[in-house]
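Every number for a ligand or one of its atoms is a count from 1 in the order of the listing.
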Amino acid sequence: MTLGDLTVNRLGFGAMRVCGPDVWGEPADRAAAKRLLVRAFELGHNLFDTADSYGPHVSERLIAEALHPYPKELVIATKGGLVRPDRHRWERDARPEHLRRALDGSLKRLRLERIDVYQLHAPDPKVPFAESVGALADMRRAGKIRHVGLSNVSAQQLDEARRIVPIVSVQNRYNLEDRTHEDVLDACEKLGIAFLPWYPLGAGEALQSKAVRTIAARLRATPSQVALAWLLAKSPMMLPIPGTGSIAHLEENSAAAALTLSREDLAQLALQKGNAGV
Ligand SMILES: NC(=O)c1ccc[n+]([C@@H]2O[C@H](COP(=O)([O-])OP(=O)(O)OC[C@H]3O[C@@H](n4cnc5c(N)ncnc54)[C@H](OP(=O)(O)O)[C@@H]3O)[C@@H](O)[C@H]2O)c1
């Protein structure tokens, strides 16, 4: 599928879980984290999602250490707009001056002159949304961003942003149990832009339902493969970015791209929607 002029496989990789516990600090085993990143690319995940706030800075640094100089097929999508005063806090800061500094930091850590996909991590209620997006548009004009993406936005905010700068992707929470952002997914489909569901496994929660487990057992697949195959079947614009710190889970998840669910299985999974969360 495409992100602007870039082509990527439909199953990406979420690089948030390569950091230490609570997405804070270094992982216990940096060498293992780097091996995981290399393996993710080898398995065909050529869209890596990260952010300056993961660690903070740790995920971006590990990606560069593991994979720079980058293979030409690898697309790195990072984000700015959140800060981490401590391990339990994720605070919004989408002031233009902060986004400019954040982008420069990401360029340096990722050892890039231009970020392929730079996503606004979340709108900041203290800053007019158009100002945050306008800052990304300026940095795109300056050649530091190839394509702009959004995260944690409403369909109205997507419309507003598109009047300022072309948008290639939206990243919102979405999985079998939580389909709150169905309207944003619909908008992405109409526009032909990628929808990156974060928490595609509901951080493990979407794997617990009876329907998922029953279908997985029948197909000799795993619950995570069923949850990811359901997402892939749900929309041609869906680009899941499952995250893991485990090579075994990574290998299991990547095999989901080859799993086809029948019409009956899809109908059954559609019925078990929980619509929990926000
Ligand atoms: N834009 C945003 O605001 C936002 C917010 C959150 C996340 N994200 C992005 O979305 C990506 C995915 O989100 P996520 O990592 O939080 O959630 P997720 O992919 O739904 O779930 C990851 C969790 O599920 C476990 N898991 C992974 N594969 C599994 C498998 N095959 N079987 C059983 N358990 C499995 C992982 O544990 P193990 O490590 O043990 O495998 C981890 O605890 C992140 O990496 C990040 O890039 C974006």
List by chain and number: which residues place a heavy atom under 4.0 Å from ligand 1? Gly14, Ala15, Met16, Arg17, Asp49, Tyr54, Lys79, His121, Ser151, Asn152, Gln171, Trp198, Tyr199, Pro200, Leu201, Gly202, Ala203, Gly204, Leu207, Ser224, Ile241, Pro242, Gly243, Thr244, Gly245, His249, Glu252, Asn253
Check step by step if salt bridge (charged side-chain N to carboxylate O under 4.0 Å, His left out) holds for Arg101 and Glu97. CA-CA 6 Å; Arg101 271 198 310 276; Glu97 60 270 33; over 6 Å; no
Determine whether the side chains of Gln119 and Ser151 contain a donor N or O and an acceptor N or O closer than 3.5 Å. no
What pairs with Pro21 under side-chain contact (heavy atoms from CB on, under 4.5 Å), at least two apart in sequence or on another chain? Arg87
The criterion is side chain to side chain donor-acceptor pair (under 3.5 Å); which residues satisfy it with Trp198, sequence neighbours excluded? Asn152
Check: Thr222/Glu252 side-chain N/O donor and acceptor closer than 3.5 Å: yes
All side-chain contact (heavy atoms from CB on, under 4.5 Å) counterparts of Lys234, not counting sequence neighbours: Tyr174, Glu182, Leu185, Trp230, Met238
